[in-house]
Amino acid sequence: MNPGTRGIGKSVHSSDQAAFCKLMIGARKAAGLTQHALAVRLKKPQSFVAKYEGGERRIDVVEFIAIARALGADPLKLIATLLSGAKGKSPRTRSGTNRDI
């Protein structure tokens, strides 16, 4: 293990990651799409969708935006939904903090 990574827990199976997976599944279903139909829109294999929805694969912010657009969803609203369900999980999400990026 690299000494610089000690103490950093893997968040692949965290409750926040599980909430993100549920959010993405819900957004896909709300759009009336199957994993296969979404994968076609993304020009990716169906396993790409299955893996990030199942928490087996993480997606980066660029992929997230592409997925949200393919769903016809607003990425900012999806993030707001995720954050509203994560109250108290991170000091960065508490009210009164500076959220400017």
Side-chain angles (χ1 to χ4, degrees):
M1 178 187 296
N2 182 340
T5 61
R6 287 187 190 161
I8 297 175
K10 292 187 179 188
S11 61
V12 173
H13 301 293
S14 70
S15 60
D16 289 340
Q17 181 65 21
F20 179 74
C21 293
K22 287 180 184 178
L23 174 77
M24 297 307 289
I25 292 167
R28 177 180 53 77
K29 288 183 177 181
L33 296 173
T34 63
Q35 287 182 348
H36 181 265
L38 176 56
V40 168
R41 288 186 181 190
L42 294 168
K43 298 179 182 166
K44 299 274 189 183
Q46 178 270 333
S47 62
F48 172 81
V49 178
K51 286 180 181 179
Y52 78 73
E53 284 188 357
E56 186 178 338
R57 181 192 192 282
R58 298 183 66 139
I59 57 174
D60 65 28
V61 70
V62 175
E63 290 171 324
F64 169 74
I65 291 168
I67 293 165
R69 288 180 177 159
L71 292 170
D74 180 344
L76 294 176
K77 287 183 181 177
L78 288 173
I79 292 294
T81 300
L82 183 65
L83 291 174
S84 70
K87 293 177 185 169
K89 296 282 185 184
S90 168
R92 288 180 235 122
T93 63
R94 291 188 188 140
S95 62
T97 59
N98 185 352
R99 293 187 190 173
D100 294 342
I101 297 176

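In this view, Ala19 and Leu82 satisfy the side chain to side chain contact (heavy atoms under 4.5 Å, CB included) rule, not counting sequence neighbours. Residues meeting the side chain to side chain contact (heavy atoms under 4.5 Å, CB included) test with Ile79, sequence neighbours left out: Phe64, Leu83. Listed by chain and residue number, Leu42, Phe48 satisfy the side chain to side chain contact (heavy atoms under 4.5 Å, CB included) test with Lys44 (two or more places apart in sequence, or in another chain).
Listed by first and then second residue, the side-chain hydrogen bond (donor to acceptor under 3.5 Å, both in side chains) pairs involving residues 68-78 amount to none (not counting sequence neighbours). Note on residues 29-41: pairs passing side-chain hydrogen bond (donor to acceptor under 3.5 Å, both in side chains), not counting sequence neighbours, are Gln35-Gln46, Gln35-Glu53.
Considering NZ of Lys51 and SG of Cys21, their distance stands at 14.0 Å, rounded to 0.5 Å. Note that the CD1 atom of Ile59 and the CD1 atom of Ile67 stand 3.5 Å from one another [nearest 0.5 Å]. Distance check: Leu78 CG to Phe20 CZ gives 8.5 Å after rounding to the nearest 0.5 Å.
Placement of Leu23 and Leu71 within a single hydrophobic cluster is found when ILVMFWY residues are connected by side-chain heavy-atom separations under 4.5 Å, directly or transitively. No chain of hydrophobic side-chain contacts below 4.5 Å, direct or via other Ile, Leu, Val, Met, Phe, Trp or Tyr residues, connects Leu76 to Val62. Hydrophobic clustering keeps Val49 apart from Ile25 (ILVMFWY residues linked when any side-chain heavy atoms are closer than 4.5 Å, directly or through intermediates).
Scanning both residues, Leu33 and Ala37, for their nearest heavy atoms gives CD2-CB, 3.9 Å.
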